[in-house]
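Remember, it's 1-based here, ligands and their atoms both numbered in the order they're listed.
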Amino acid sequence: MQRGQFNSKAGFIMAAAGAAVGLGNVWGFPTQVASNGGGAFVLVYLLLAFCLAYPALMAELIIGRSARANAVTALPMLTDKPQLKVGGRIVGIAGLVTVAVILSFYAIIAGWLIAFAIAPVTQFLGFNEAEKWLTTFSLSRNVAFTFFFMVLTIIIISQGISNGIERWSKRMMPALIVILIALIAYMLTLPNALVGLEHYLKPDFSQIFNSQLIISAMGQAFFSLSLGVGCMLIYGSYLSSDENIVKAGAWVTLLDVGLAFIAGLLIIPSMYIASHFGVEIFDAEGALLSSDTLIFQILPALFEQMGSAGPIVALLFFLLMSLAALTSSISLLEVPVAYVVEAHDKKRHITSWVIGGLITLLSLIIVFNFDWLFGLVIAITTKYSQPLLGLFFCVYAGWVWQRNNALQEIKKGFEDAENSFFWKIWPWYVKFVCPLFIIIMFIHAL
Ligand code: PHE
């Protein structure tokens, strides 16, 4: 069977940046900034994203393109030693499980976003009951929209690489950037926006070595670049050998980090604008209120204050969030689907529906046990599983794989790779710096 491939470098960059840019950027990053001392977090995050996450991203992309396979198949291919082959398989499978769990909570949040995007329309049409249902936490709404979002994800993935992922990412990513910039331009004209901007851009240097802040920034960087779960590995495996993989990876990192930064320009000032309008944004201890309250209470309260512009801004805002979530959720579903299609020789269409269906079931289990399960699965997957698996990917790229094989792969679309700055630094980096940093952070956290 012929393997799918992205048609162009731009297509790859849009798809991989689409995978990376998601709730982690437009929701996770601004929230973390808000609860971790503003500008200090921004600074540490930027450093870690380029110095730690980019090398780890390159490890996945290069292994993927070289093996032209999913992570479960690719990691064992890097070595002849039987034990290391088994180890590689285990890491790949752990990635599959993690990705399925991430998608199952991701779909719940994305479902809320879609419900909030539809709400202004029902409000405009005068369907007040419907609007209330859409914006109030309830079992029926959560079930309905988790389901709806999963179906959208499954439909795109069932259409394949260039027809599904690439085509839809190329449509959704530019739309996302346009909406984001339009919203920022509007928000910055509102009162108190500049106070928020200052909080965002002015680092409090005393916070920079705060280990809690560094651990949060590391987890955020791994989540945001979709690392450790074989997602970037599989996207790398669809990249043509003629392309310069070092540059393509740098573009993806730049877009991901750039969009997180820009999303912060929207969200942090919005909080301060909301506070100007009398919406409560600080808790009793004076800390900024956190995640779900931010997006689903503070911002809607702000939109309500905006008069007739409110529903339009709300619609655009939640549409933006939903698009970002969808380009990421397709990458999450692609990981297990690609594995089953390749390793078990199954048809993509039916596999997408079966695996997507199973993950929907998992989502529903979380919805029905929301109180104790939701936060738990988020913490386990993003705080522990992803960085830990990212560590193993670096170890396989740096210690298990022959250095020369990695070089040959990079050279395919980048002849002069051997003399490049990248090659002087990267092998040493994935071998020592990335694993050591992750291990130290883990020991510290425990
Ligand atoms: N990077 C995505 C985001 O920022 C989430 C994600 C994690 C996607 C892991 C794929 C794999 O929202």
Quiz item: Just wondering, do Asn405 and Ser66 contact through their side chains at under 4.5 Å, heavy atoms?
Solution: no
Practice problem: Compare all side-chain heavy atoms of Tyr429 with those of Cys51 and state whether any distance is below 4.5 angstrom. | Solution: yes
For [X], ring pair (Phe, Tyr, Trp, His ring centres under 6.0 Å) partners two or more places apart:
{"X": "Tyr396", "answer": "none"}
{"X": "Phe6", "answer": "Phe12, Tyr235, Tyr238"}
{"X": "Phe303", "answer": "Phe317"}

Exercise. Using heavy atoms and a cut-off under 4.0 Å, could you grab the residues that are in contact with ligand 1, chain by chain, numbers ascending?
Key: Ala19, Ala20, Gly22, Leu23, Gly24, Asn25, Tyr106, Phe223, Ser224, Ser226, Val229, Cys231, Ser328, Ser331, Leu332, Gln386
Quiz item: Between Asn369, Val367, Leu361, which is the residue that forms a side chain to side chain contact (heavy atoms under 4.5 Å, CB included) with Ile365?
Solution: Asn369
